[in-house]
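Scroll down for the structure; my scribbles are underneath it.
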Amino acid sequence: MDKSLRRPVIAGNWKMNNTPAQAKALIEEMKPLVANADCEVVLCVPYIDLYAAMEAAQGSNIKIGAENCHWAEKGAFTGEISAEMLKAAGVPYVIIGHSERRQYFGETDETVRDRVRAALDAGLKVILCVGEVLSERKLGITSEIVCKQTKVALSGVKAEELANIIIAYEPVWAIGTGETATPEQANEVCKIIRELIADLYSKADADRFVIQYGGSMNDGNAAELLAQYDVDGGLIGGASLKADKFAVIVDAASK
Ligand code: PEP
């Protein structure tokens, strides 16, 4: 299978940054810089920024996503946003299971699974995050952790739904720390995930499946990480807040 048959996805994760006005200004700055991208370009933004971001991105090749969604369609869940609401608002993408949600907001493999199900049912494209913490890597159980997170999240996902889901492998120790996995470490785990997809579904499904790396990817290290056979893009936190840095990463994925 030729890696180039998988279209890379470069997705920004703004986390809790940017007001609607700042979102608009940043996207206006990014638009011309990424206009010729030969990859999917996504910006996942805070809920409050979604409308401003979609308006600013209209007519461009930038797609907008949310950073989470609830598993229920509606109901007594104060402060939450459902997948149905995102869909109705015209939002195409959503991140689910980001390590910061797992770490600070009690997200479990099971709630991630339920959110994935709701997002797919609503017709959203899912960026599912998995990854080990440093102590798990040190114990040599990275593969077990990542495979368990993936298996639980995908339980109930049918083969024909795989086109609407991508996985971001994000070692937690590399997120926001400036410490990046080596290209070999990133590829090794992305490959393990691809082999798991082949086991759970089929080799053909695995060959088509997009797997990103995330964790301090930036304008300086993106080219080497993205050149790895099993790395099909990136989920970018800090560097997605700067138009010029994000554009360099998009360029690297377009090669
Ligand atoms: C992320 O938020 O998913 C991420 C990878 O952040 P950073 O690029 O800042 O490490």
Side-chain angles (χ1 to χ4, degrees), residues 8-18 22-23 26 30 34 39-47 49-50 53 62-69 93-105 107 112 115-116 119 125-134 136-137 142 145-146 149-150 153 165-183 185-190 193 210-226 228 230-253:
V9 180
I10 297 297
N13 172 20
W14 282 2
K15 313 191 187 202
M16 197 172 72
N17 290 292
N18 290 326
Q22 289 166 333
L26 182 50
M30 279 180 180
V34 303
C39 65
E40 183 89 341
V41 181
V42 184
L43 290 173
C44 296
V45 307
Y47 292 132
D49 294 341
L50 284 168
I62 300 176
K63 312 258 174 37
I64 301 300
E67 298 174 10
N68 190 22
C69 70
Y93 274 91
V94 64
I95 294 174
I96 295 180
H98 192 278
S99 67
E100 287 150 18
R101 305 279 334 156
R102 295 179 191 257
Q103 212 175 341
Y104 306 129
F105 302 101
E107 194 80 77
V112 168
R115 291 180 207 270
V116 167
K125 287 186 182 290
V126 172
I127 301 172
L128 164 67
C129 301
V130 298
E132 82 287 0
V133 299
L134 188 57
E136 292 163 341
R137 176 160 281 268
T142 295
I145 295 297
V146 167
Q149 291 174 344
T150 304
I165 182 162
I166 66 181
I167 289 182
Y169 164 57
E170 299 210 296
V172 180
W173 46 271
I175 297 180
T177 59
E179 193 178 338
T180 318
T182 63
Q185 285 172 325
N187 195 65
E188 185 187 14
V189 183
C190 290
I193 295 170
V210 171
I211 303 174
Q212 299 172 310
Y213 166 78
S216 300
M217 190 186 277
N218 58 41
D219 49 331
N221 60 27
E224 215 186 341
L225 287 159
L226 294 168
Q228 299 300 306
D230 284 294
V231 178
D232 308 315
L235 183 56
I236 326 293
S240 71
L241 296 171
K242 296 267 178 273
D244 53 346
K245 289 187 193 306
F246 188 66
V248 170
I249 301 171
V250 168
D251 270 353

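As the structure lists them, so they are numbered: ligands from 1, and atoms in each ligand from 1.
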Looking only at heavy atoms, which two atoms of Tyr213 and Thr180 are closest? And how far apart?
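For Tyr213 versus Thr180, the nearest heavy atoms are OH-CG2, 3.5 Å.
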Nearest heavy-atom neighbours spanning Lys15 and Gly237
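For Lys15 versus Gly237, the nearest heavy atoms are CE-CA, 4.1 Å.
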Only one of Glu40, Lys63, Glu67 forms a side-chain hydrogen bond (donor to acceptor under 3.5 Å, both in side chains) with Tyr93, so which one is it?
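Result for side-chain hydrogen bond (donor to acceptor under 3.5 Å, both in side chains) with Tyr93: Glu40.
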Short question: side chain of Asn187, backbone of Asp230 - any donor-acceptor pair under 3.5 Å?
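Answer holds: yes.
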Would Glu132 and Val146 count as a side-chain contact (heavy atoms from CB on, under 4.5 Å) here? Give the steps.
CA-CA 6 Å; Glu132 82 287 0; Val146 167; 4.1 Å; yes
Reference residue His98; test side chain to side chain contact (heavy atoms under 4.5 Å, CB included); the match among Glu107, Gln103, Glu170
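Result: among Glu107, Gln103, Glu170, Glu170 is the only option passing the side chain to side chain contact (heavy atoms under 4.5 Å, CB included) with His98.
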If you count only heavy atoms, which residues are under 4.0 Å from ligand 1?
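Asn13, Lys15, His98, Glu170, Ala174, Ile175, Gly176, Gly214, Gly215, Ser216, Leu235, Ile236, Gly237, Gly238.
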